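The structure appears right after this line, and notes come after that.
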2 protein chains.
Amino acid sequence: MKVTIKDIARLAGVSTATVSKIINNKDDSISKDTRDKVIRIMKESNYVPNTIARSLVTKKTKTIGLVIPDIANPFFPELARGAEDKANKEGYNLIICNTDDDTAKEDRYVSMLVEKMVDGIIFTASSERTSDFISLRNTKIPIILVDRDIDLEGINGKITVDNFIGAYEGTRHLIEQGHKDVIFIAGSLKSKTSIDRLNGYKKALQDYSIEFKEENVIEGSYKTEWGYEAVSNLLNKKQNFTALFCANDLIAIGAIKALKENDIKTPQEVAVLGFDDIYISKLVDPQLSTVRQPIYEMGYKSVEILIDILKNKSSKEKDVVLIPELIIRDSTVKE
Amino acid sequence: MKVTIKDIARLAGVSTATVSKIINNKDDSISKDTRDKVIRIMKESNYVPNTIARSLVTKKTKTIGLVIPDIANPFFPELARGAEDKANKEGYNLIICNTDDDTAKEDRYVSMLVEKMVDGIIFTASSERTSDFISLRNTKIPIILVDRDIDLEGINGKITVDNFIGAYEGTRHLIEQGHKDVIFIAGSLKSKTSIDRLNGYKKALQDYSIEFKEENVIEGSYKTEWGYEAVSNLLNKKQNFTALFCANDLIAIGAIKALKENDIKTPQEVAVLGFDDIYISKLVDPQLSTVRQPIYEMGYKSVEILIDILKNKSSKEKDVVLIPELIIRDSTVKE
DNA sequence: TTGAAAGCGCTAACAT
DNA sequence: ATGTTAGCGCTTTCAA
C-alpha cells in the first residue's frame, strides 16, 4: 500500500500539517527534533509525496506542455532538449505533443493540457493557425510562442529568430563569393518566417545591385525531397545559377544530392547554403554552410521566460528575437 | 474564474453526480433531456474538466513517463514519436525525461514520475544501471524496458531487438561481398546490446571459416567522433581491412568521413556498414547500408504493451524481441 | 511549536 | 432517473 502523509504523521506522532510544512521547507517554526524525526520516518517508509493531491490545492502542477509539429523532425529534438533542460533545472516536467502542423490536433492537445492543469505551454504554431485557443480562454495559463512567429490573441511571450537578418547575411555571403545568380529555394511561402527570409534575400540582392528575378525564387516544402526536386527542375529548364540558398538544411541536403547525381560539384560549380544548422549539417558531404538558428537556446529561453512569468506574473523580456549566425563550412567556399 | 463541475451542476439544475456521469459517458441511466442540457451548458461555459481532481480519486493520470538518455540523440526522436503516437491514440500524454545515461538522474526522474502518479514508465536504461528504483517499490506503477536489455527487478515488460541476429546478418552481408578483413568498430562493450552484436559478428565469421582476430574489434563510444578516430588509428597502424562494421550509424558516418579525408573510396576500397538506420543514414553520401532497428515501432509497441498491462494487469506479449533488417544501400556494394 | 479543520474538484457507492 | 455524501492526499489558515 502506498504510504501517505497521514501514515507519516501517525508514525511520527505529529499532525499532517507539521509533516506538510516539513515537506515544503516551511519549517522555520518546527523544532529540530520533530523535523529530524519526521524526515527519518519519511526515509524509512520510502515516502513519496503525491503531487497530484498537492496540485489540487496549490493549482500548480510543475508541468509544462511542449506543443511542436513533430519531434522526429530534426529541428525539434534540440529545441525540446533545451526546453527540458531548463524545465528540469527548475523542477518542472515537460509533456510533449506532436501536432503534425494540424490545427485540430493543436486544439485537442491544448485542451488536454488545460485539463491536466499544466502551468504553462510552449507552442510552435502551424502556419495555418490564426485563432487562439478556446480552451485557454477561461484560464490564466501562459503560452509562449517559439520559432514560428504568428499574431495570436493572448500570447504571453515569443521567442523567434531574426529571419530577415539571417537570410540577408546568407545571401550576402553568397554574393561575396562572387555569385550573381542565386536561387532561393523556399519552403512554404505562407508563414511570416519564410517571407522574412525571402525579404532578407531580396534586400541583399538590392544592396549589391543585383537584379531580383521572380523565377529565381521557387516555393515548395521544408523537406529533403523538395530540394532534390527543385534542383532537378532547375536543371531540366536549364536555368542559370551558380548558387543555391535553401530555406532550410533539409532542402539543402536534397539539393546537393541532386547536384551530385548530375555530376555538378559543390561548391566548385554550385554553392549551396542552408538554414537552421541542424545536427546533420556537419555530417553530410560537403559539410553544409548554413545560417545557424540557436535552436537549443530557443527551447531553453522559452522555458526560462515562461517560468519567469509564472513567478512574477510577467517577464521583462517577453519578446525575444535571437540573431542567427552564419556558419561557413564547405558547401559555399571554393578552396 | 475557472468553471467547475459544481457550476455546471448549478446552472443545469442537477447534481454534480449527474454531470460527472455524463462527462464520463456513464450516462446509460440519464435521460436524453438532462444529458443534452448539461452538454449544452458545458459547451456554453467552455467547461474543461479538471483531470487532476479526477486523478486524485481514480488513481489514474493518463500520463506515461518516457525516460531516455537524450532526445537530441538521433535515435530517440523516432522512438519518442512512436511512443507518443500510440499514447495519444489511447488518450495518454507523455512526460519526457533526458537522463544522459546518468543513473542519478534516472533515479531523480523516476521519483518525480512517481510523485506525479504516472500510470506507467517506458525506460531506456543506462549501461551503468544495475539496481531497481526504490521510489517504485511501494507502487504498482508498471515499467517497460525498451532498447537496452538489462536484468532488473520488477520489470513488467521488455522491448528489444535481436542484436545477435542483426550483427550476424550484417557481417554475413559483408563476407558475401568478398570481405575477409572486417573490423568491428564497437561502441562501449559494457552493455548486453553491444556484446550480443559482437557475438553475432563472431558467429558469422566462424560460420564462414574466417579466423576471428582480437585486434579487429575496437571499442569506443557510440559517437561520430569515435568512428572518425577509430579509422584514423587503423590507418596509422596500417592495419589490414576492407570492410568496417560499425556498431551504430553515427560511428559509420564518422568512419566514412575519415576514409574520405584519406582518399579511400567507400565502398570501392572499403565497405562500411552501420547499425540502427537513423534518419540521417539515407542523407549521407554514400547512402549508408545498415542494420535497421525498427525504432518507431519499438516506441509504439512499448506503449502498446504498457497500456495492455494497465488495462488487463498483464500482457501476453510482455517480452518482445523485434528482428532487425538488413538495409543495403550504397556504402557496402560496389556497382 | 504544533494541530484542527476546511477545502481543492472530482468520482463512486449508495440512496431515493 | 437523479441526488447525497464520503473521501482521494494534500495545503493552509487559524487557533491553541
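These numbers come from a predicted model, not from an experiment. FYI, side chains are in, hydrogens and waters are out, and symmetry mates aren't considered; it's all heavy atoms of this structure. Chain letters run A, B, ... following the sequence lines, proteins first, then strands; residues in each count from 1.
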>> I need the single residue from B/D107, B/D101, B/T103 that forms a side-chain hydrogen bond (donor to acceptor under 3.5 Å, both in side chains) with B/R129. Which is it?
In response: B/D107
> Among C/dA13, C/dC8, C/dA5, which nucleotide sits nearest the side chain of A/K59?
Replying inline: C/dC8
> Looking at B/T4, does any N or O in its side chain come under 4.0 Å of the phosphate oxygens OP1/OP2 on C/dG9?
Replying inline: no
> A/S29 near the nucleic acid: base, sugar-phosphate alone, or nothing, with a heavy-atom cut-off under 4.0 Å?
Replying inline: base
>> From C-beta outward on B/S31, which listed nucleotide comes closest to its side chain: D/dT5, C/dG3, D/dA1?
In response: D/dA1
>> What's B/K21 touching, base or sugar-phosphate or nothing? Going by heavy atoms closer than 4.0 Å.
In response: base
> Taking atom types as modelled, is there a side-chain donor on A/K116 or A/T63 under 3.5 Å from an acceptor on the other?
Replying inline: no
>> Does a side-chain N or O of B/K26 approach OP1 or OP2 of C/dA12 to a distance below 4.0 Å, or not?
In response: yes
> Would you say D/dG9 has OP1 or OP2 under 4.0 Å from some side-chain N or O of A/Y47?
Replying inline: no
> So what does A/T34 touch, heavy atoms closer than 4.0 Å: a base, only the sugar-phosphate, or nothing?
Replying inline: sugar-phosphate
>> Is it true that, when you exclude B/E153 itself, more than 12 heavy atoms of the residues, nucleotides or ligands shown sit nearer than 6.0 Å to its CD?
In response: no
> Taking atom P of D/dT11 as reference, at what distance in whole Å does atom CG of A/N50 sit?
Replying inline: 9 Å
> Is the distance from OP1 or OP2 of C/dG3 to the nearest side-chain N or O of A/S15 less than 4.0 Å?
Replying inline: yes
>> Counting only side-chain nitrogens and oxygens, does B/T16 get under 4.0 Å of the OP1 or OP2 atom of C/dC10?
In response: no
> Ignoring hydrogens and angles, does a donor from either the side chain of A/K2 or the base of D/dG9 sit under 3.5 Å from an acceptor on the other?
Replying inline: no
